Amino acid sequence: LVPHAVRSGGVATREGKVNVLIQAYISKARLTSFSLTSDGNYVASNLARILRALFELALRRGAPGLAHTLLQLAIAAQRQVWPHQQPLRQMASLLKDETLYKLEQHTRSIDRLWECDEGELGEIVRHPGQGHHVRSVLDSFPGLALELSASPITRSVLQVRLSVWPEFRWHDRAHGGSMRWHVWVEDANNEHIYNEGKICLSHWRTDNRAGLGVTSKSRRSVDRSCP
């Protein structure tokens, strides 16, 4: 129920208790103690909001590694799915727990499942009749196609244009009315974010492309001969 080890001190410390409550919430563990249930409800009400706020702070301070980690934790808290689990657990409203367990036992890579046809998916879940439904849920798993172009404006200013469009079938029950993606331009070697933005897609715009233009000042001179 607690997949990650708690540091020295364990639940005897305040930090250790909060750590365990957070992991228990994401893991969907059932708390039986009344006092723990009260604390657990507080964690459930505030965890995702606090992690999102910390993510925004990391993004504004230009720390890509920290921002990525906090975004993963925020999504884990919102969806109650760990990053190391089968991503289809985010679609739990469309799949039974037994089906998700069998898929996860087979592979935790959604890319491998995408390569399977309906017959193979039916064999994986040991229910040939479910192959079509699992294929349908896979086709509804959020994914984006990207087109990126970059052109230098001056020796130190680079213009980046990003065009994205959805490659999944919208399902209101799983996706709601809209979905938002965070995009940023980073220098991975120097741990620096040049610029960032958001792309929002809604169920009535799934056939359209969304664009984002970013003009960034590079720390190094840009070679204008680059395409």
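When reading the values below, keep in mind they use all heavy atoms of this one structure, side chains included, and skip hydrogens, waters and symmetry mates. Remember, it's a predicted structure, so these values are computed and weren't measured experimentally.
In this structure, CD1 in Ile124 is found 5.5 Å from CG in Leu113, a value given to the nearest 0.5 Å. Between atom CD1 of residue Ile50 and atom CD1 of residue Ile22 there is a gap of 8.0 Å, rounded to the nearest 0.5 Å. Between the CG atom of Leu103 and the CG atom of Leu121 there is a distance of 7.5 Å, given to the nearest 0.5 Å. Remark: Glu186 CD to Leu59 CG distance equals 10.5 Å, nearest 0.5 Å. Here the straight-line distance linking atom OH of Tyr42 with atom CG of Leu47 works out to 11.0 Å at 0.5 Å rounding. To the nearest 0.5 angstrom, Gln72 atom CD is 12.0 Å from His84 atom NE2.
In this structure the side chain of Leu36 reaches within 4.5 angstrom of the side chain of Lys17, judged on heavy atoms. In this structure, the side chains of Leu162 and Ile199 come closer than 4.5 Å at one or more pairs of heavy atoms. With a 4.5 Å cut-off on side-chain heavy atoms, Met179 and Trp181 count as touching. With contacts defined as side-chain heavy-atom distances shorter than 4.5 Å, the pair Glu123/Pro128 does not qualify. Gln80 places none of its side-chain heavy atoms less than 4.5 Å from the side chain of Ser27. At a threshold of 4.5 Å between non-hydrogen side-chain atoms, the residues Trp82 and His4 count as touching. Considering only heavy atoms from C-beta on, Met91 stays 4.5 Å or farther from Leu138 through its side chain. Side-chain contact between Asp187 and Glu191 is absent, with no heavy-atom pair separated by less than 4.5 Å.
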>> Let's go through Ser149 and Gln159 carefully: what are the C-alpha distance in whole Å and the side-chain angles of both, what is the deciding distance for side-chain contact (heavy atoms from CB on, under 4.5 Å) to 0.1 Å, and is it a yes or a no?
In response: CA-CA 8 Å; Ser149 64; Gln159 185 177 60; over 6 Å; no
>> side chain to side chain donor-acceptor pair (under 3.5 Å) for Asn19 and Gln23? Distances and angles first, verdict last.
In response: CA-CA 6 Å; Asn19 188 323; Gln23 294 195 57; 2.6 Å; yes
> Would Ile75 and Leu51 count as a side-chain contact (heavy atoms from CB on, under 4.5 Å) if you check the C-alpha gap in whole Å, the side-chain angles of each, and the deciding distance to 0.1 Å?
Replying inline: CA-CA 9 Å; Ile75 294 174; Leu51 287 171; over 6 Å; no
>> Show, in sequence, the C-alpha distance, side-chain angles and deciding distance for Ser140 and Trp170, and conclude whether the side chain to side chain donor-acceptor pair (under 3.5 Å) test is met.
In response: CA-CA 6 Å; Ser140 298; Trp170 196 278; over 6 Å; no
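The cluster map of Ile, Leu, Val, Met, Phe, Trp and Tyr, joined by side-chain heavy atoms under 4.5 Å apart, puts Leu71 and Val81 in different clusters. Residues Leu100 and Trp114 share a hydrophobic cluster, clusters being chains of Ile/Leu/Val/Met/Phe/Trp/Tyr side chains in contact below 4.5 Å. Both Leu95 and Ile110 are members of a single hydrophobic cluster when ILVMFWY side chains are connected at heavy-atom separations under 4.5 Å.
What you find for Cys116 and Arg135 is that their closest heavy atoms are O-NH1, 2.6 Å. Of all the heavy atoms in Glu196 and Trp184, the pair that sits closest is CB-CB, 3.6 Å. In this structure, Leu94 and Ala174 approach most closely via the heavy-atom pair CD1-CB, 3.9 Å. Residues Phe141 and Phe168 come closest through the heavy atom pair O-CB, 3.2 Å. Closest heavy-atom contact between Ala76 and Ile26: O-CG2, 3.8 Å. Of all the heavy atoms in Gly16 and Val6, the pair that sits closest is CA-CG1, 3.9 Å.
Annotation: side chain to side chain donor-acceptor pair (under 3.5 Å) contacts involving residues 49-63, sequence neighbours excluded, comprise Asn46-Arg49, Arg52-Gln78.
Within 6.0 Å of NZ in Lys96 there are 12 or fewer heavy atoms belonging to other residues, nucleotides or ligands. The number of heavy-atom neighbours closer than 6.0 Å to NE2 of His132, taken from other residues, nucleotides and ligands shown, is 12 or below. Few gaps surround CD on Glu120; more than 12 heavy atoms of other groups in view lie less than 6.0 Å from it. Taking a 6.0 Å sphere around CG of Asp97, one finds it holds 12 or fewer heavy atoms contributed by other residues, nucleotides or ligands.
Remark: aromatic rings of His68 and Phe55 are distant, center separation not under 6.0 Å.
Between the side chains of Ser151 and Arg161, no donor-acceptor pair is found at a separation under 3.5 Å.
A distance-only check finds a donor-acceptor pair linking the side chain of Glu104 to the backbone of Gln86 [under 3.5 Å]. Without hydrogens or angle criteria, Ser38 side chain to Phe34 main chain gives no donor-acceptor distance under 3.5 Å. Checking side-chain atoms of Asn41 against main-chain N and O of Thr37 turns up a donor-acceptor pair under 3.5 Å.
Under the 30°/60° scheme for interplanar angles, the aromatic rings of His192 and Tyr194 are found to stand perpendicular.
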